[in-house]
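Here the structure is laid out as structure tokens; the discussion comes afterwards.
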Amino acid sequence: MLSEVNPVCQSFCEHTDAIDEVRASMADDAHVAALAELFKLLGDGTRVRMLLALARRELCVCDLTAVIGMSQSAVSHQLRYLRAAKLVRFRKEGKNVFYSLDDDHVTSLLMQGLEHIRE
């Protein structure tokens with residue numbers, strides 16, 4: 001069995017123009033931390049299933065619990081995280097609370113992620 005090799009430069013060199021260009025365009029530390037938190041949230045299968053369900057259509061909490069197969073309190077707990085991250089939003093209609101994805105960016109993120117893993 002061949003061992004996998006991680007190719008690296010054979011001699012040390014720095015391309016200052018490339019380094020300067022990339023450093024100038026890097027996100028600030030706060031944005032990097034927020035992005036890392038976003039990916040941590042997406043690292044949970046239950047939350048991803050909830051987001052994928054909401055990508056299909058707006059659902060009330062009762063419908064979302066049936067789709068996901070979890071208790072209402074467990075779904076509510078996960079929705080709290082998703083709301084805090086601005087991935088979902090809600091609206092009240094009488095005694096029901098309906099959830100949907102916060103905006104098209106969330107849908108794009110999910111669909112691009114699925115497309116990437118299906119390749």
Side-chain angles (χ1 to χ4, degrees):
M1 180 172 162
L2 296 174
S3 64
E4 292 196 23
V5 177
N6 188 20
V8 296
C9 296
Q10 297 300 306
S11 63
F12 182 79
C13 64
E14 288 186 350
H15 302 92
T16 54
D17 57 333
I19 294 167
D20 292 343
E21 178 186 333
V22 171
R23 279 186 179 156
S25 67
M26 290 290 287
D28 63 37
D29 289 346
H31 288 127
V32 169
L35 184 59
E37 283 299 314
L38 172 66
F39 282 114
K40 279 173 47 178
L41 279 170
L42 296 175
D44 179 87
T46 298
R47 287 191 288 265
V48 170
R49 278 193 287 284
M50 293 171 74
L51 292 169
L52 290 171
L54 295 172
R56 292 286 293 156
R57 64 173 296 161
E58 177 185 66
L59 294 168
C60 82
V61 175
C62 298
D63 295 337
L64 193 53
T65 61
V67 168
I68 301 302
M70 294 175 64
S71 70
Q72 187 169 338
S73 65
V75 167
S76 178
H77 181 74
Q78 297 303 323
L79 286 168
R80 194 172 320 126
Y81 289 122
L82 297 174
R83 269 194 334 267
K86 299 181 183 170
L87 294 173
V88 299
R89 64 177 174 224
F90 71 92
R91 68 177 180 85
K92 292 183 178 183
E93 186 176 297
K95 294 182 179 184
N96 294 321
V97 179
F98 289 86
Y99 279 84
S100 61
L101 296 183
D102 190 65
D103 60 31
D104 290 338
H105 295 111
V106 180
T107 306
S108 295
L109 180 63
L110 290 169
M111 295 306 114
Q112 286 180 4
L114 276 175
E115 183 179 331
H116 177 72
I117 61 148
R118 287 177 175 161
E119 288 182 353

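What's counted below: heavy atoms across the whole structure, side chains too, no hydrogens, waters or symmetry copies. In what follows, residues are counted from 1 in the order of the sequence shown.
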S100 side, atom OG; R56 side, atom CZ - distance, nearest 0.5 Å: 15.0 Å
Closest non-hydrogen atoms of K92 and V97, given as atom of the first, atom of the second and distance, are CG-CG2, 4.0 Å
Side chains of residues 42-54: which donor-acceptor partners sit under 3.5 Å, not counting sequence neighbours?
{"from": "D44", "atom 1": "OD2", "to": "T46", "atom 2": "N", "distance (Å)": "3.1"}
{"from": "D44", "atom 1": "OD2", "to": "R47", "atom 2": "N", "distance (Å)": "2.9"}
{"from": "R47", "atom 1": "NE", "to": "L41", "atom 2": "O", "distance (Å)": "3.0"}
{"from": "R47", "atom 1": "NH1", "to": "Q78", "atom 2": "OE1", "distance (Å)": "2.6"}

One should read off an interatomic distance between E58 CD and L64 CG, to the nearest 0.5 angstrom, of 11.5 Å
Euclidean distance, K86 NZ relative to L38 CG, rounded to 0.5 Å: 12.5 Å
Main-chain N/O of V88 paired with R83 side-chain donor or acceptor, under 3.5 Å: no
So if I apply the side-chain contact (heavy atoms from CB on, under 4.5 Å) rule between L101 and each of V106, L82, L87, which one comes out positive? V106
With D20, which residues qualify under side-chain hydrogen bond (donor to acceptor under 3.5 Å, both in side chains), at least two apart? none
Check: Y99/R91 side-chain N/O donor and acceptor closer than 3.5 Å: no
Separation of K95 NZ from C62 SG (nearest 0.5 Å): 12.0 Å
Given the rule that I, L, V, M, F, W and Y join up when any side-chain heavy atoms are under 4.5 Å apart, are V61 and F98 in one cluster? no
Review item, side-chain donor-acceptor pairs of residues 108-119, under 3.5 Å, at least two apart:
{"from": "S108", "atom 1": "OG", "to": "D104", "atom 2": "O", "distance (Å)": "3.1"}

